[in-house]
Amino acid sequence: MSVTQSWQRCRTAQFSASRTDAGTVITVDGELDAANSDQLVVYVERNARRAMRLVLDLRRLEFIGTAGFSALHRINVVCSAAQLNWAMVPSAAVERLLRVCAPDGILPVTTPSDEPLLKGAVTAGGSRTRPLLQLVTEPR
């Protein structure tokens, strides 16, 4: 099984793709908003060609705006048109947005334990883990 990888830095986010014979895993790291959501759709279209399955790994996404939700919807349309089986693994920020913008569950969601493609995927940044605590300022 061969693995190919690519990375792209786009404003406040980094996209990486890992392709195998079984499918493609695209990892998004950082923040997804109006400044880079269109680039994510283009990146997914470019890297999902000829894939059997696509997994959009959003676990490292710390912020997603409504433009990011629009990008996820466009990715869903692109994958449907290409008859490409796909799903996303959301971060806490993505889960919050999906509860508000897509409570009917129209976008496909999976978990790391249910997704065999995630077991061998190599992502940009290696095995970096998220911090356990996030520092915020106290309200006045």
Side-chain angles (χ1 to χ4, degrees):
M1 173 183 350
S2 64
V3 176
T4 55
Q5 301 167 356
S6 67
W7 291 271
Q8 178 179 334
R9 184 107 181 118
C10 190
R11 307 237 186 231
T12 57
Q14 181 169 326
F15 313 141
S16 64
S18 177
R19 290 176 295 284
T20 67
D21 296 336
T24 300
V25 175
I26 295 178
T27 302
V28 182
D29 210 340
E31 300 177 352
L32 189 60
D33 54 26
N36 55 17
S37 60
D38 289 338
Q39 288 86 352
L40 175 61
V41 176
V42 170
Y43 188 82
V44 169
E45 287 176 320
R46 186 174 57 236
N47 284 284
R49 292 187 186 132
R50 296 183 305 274
M52 294 182 64
R53 174 151 175 81
L54 170 70
V55 174
L56 194 56
D57 186 354
L58 306 176
R59 292 178 289 174
R60 293 183 178 175
L61 200 60
E62 297 166 359
F63 171 83
I64 182 169
T66 54
F69 173 74
S70 177
L72 294 176
H73 181 67
R74 288 185 300 171
I75 290 166
N76 189 44
V77 170
V78 166
C79 290
S80 294
Q83 298 181 335
L84 175 61
N85 183 1
W86 86 285
M88 73 177 104
V89 181
S91 67
V94 174
E95 287 176 343
R96 282 190 302 273
L97 187 68
L98 291 176
R99 278 195 303 271
V100 173
C101 295
D104 55 357
I106 193 167
L107 296 175
V109 175
T110 189
T111 63
S113 59
D114 290 337
E115 189 49 61
L117 283 178
L118 291 178
K119 295 187 183 357
V122 177
T123 60
S127 62
R128 192 187 89 188
T129 58
R130 294 180 65 151
L132 296 175
L133 299 174
Q134 181 177 1
L135 299 177
V136 296
T137 59
E138 285 188 31
R140 294 180 193 221

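Any value given below was found using the heavy atoms of this structure, including those in side chains, with hydrogens, waters and symmetry copies removed. None of these values were measured; they are calculated from a predicted model.
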Residue set satisfying side chain to side chain donor-acceptor pair (under 3.5 Å) with Asp114, at least two apart, ordered chain then number -> Thr111
Applying side chain to side chain contact (heavy atoms under 4.5 Å, CB included), can you list everything that pairs with Ala34, at least two apart in sequence or on another chain?
Ala67
Is there a continuous path of hydrophobic side-chain contacts, each under 4.5 Å between heavy atoms, that joins Ile106 to Leu98?
yes
For Arg99, check side chain to side chain contact (heavy atoms under 4.5 Å, CB included) against everything at least two apart and list the hits.
Glu95, Arg96
Tell me which pairs pass salt bridge (charged side-chain N to carboxylate O under 4.0 Å, His left out) where either residue lies in residues 70-89, with sequence neighbours left out.
Asp38-Arg74
What one should report as the nearest heavy-atom pair of Thr24 and Arg19 is OG1-CG, 3.2 Å
What I'd like to find out is whether the side chain of Phe15 reaches to under 4.5 Å of the side chain of Val44, using heavy atoms alone.
no
Value for CD1 (Ile26) from CH2 (Trp86), rounded to nearest 0.5 Å, stands at 10.0 Å
Taking the side chain as everything from C-beta on, heavy atoms only, tell me whether Leu107 gets closer than 4.5 Å to Ile75.
no
Kindly compute the distance separating CG (Leu54) from CE (Met88), expressed to the nearest 0.5 Å.
10.5 Å
At what distance, to the nearest 0.5 angstrom, does CG of Asn76 lie from CG of Leu56?
11.0 Å
Can Val89 be reached from Phe63 by stepping across I, L, V, M, F, W or Y side chains whose heavy atoms are under 4.5 Å apart?
no
Shortest non-hydrogen contact from Ser91 toward Leu61:
OG-O, 2.8 Å
Contact check, side chains of Arg59 and Leu118, non-hydrogen atoms, under 4.5 Å
yes
When rounded to the nearest 0.5 angstrom, what distance separates CD in Gln14 from CG in Asp29?
6.0 Å
Return the CD to CD1 distance between Glu31 and Ile64, rounded to the nearest 0.5 Å.
11.5 Å
Taking side chain to side chain donor-acceptor pair (under 3.5 Å) as the test, write out the residues that go with Arg49, two or more places apart.
none
Under the side chain to side chain contact (heavy atoms under 4.5 Å, CB included) test, residues paired with Val78 that sit two or more places apart:
Glu45
Where do Leu32 and Ser37 come nearest, in terms of heavy atoms and distance?
CD1-CA, 3.7 Å
Beyond-backbone contact of Leu72 with Leu58, side-chain heavy atoms, under 4.5 angstrom
yes
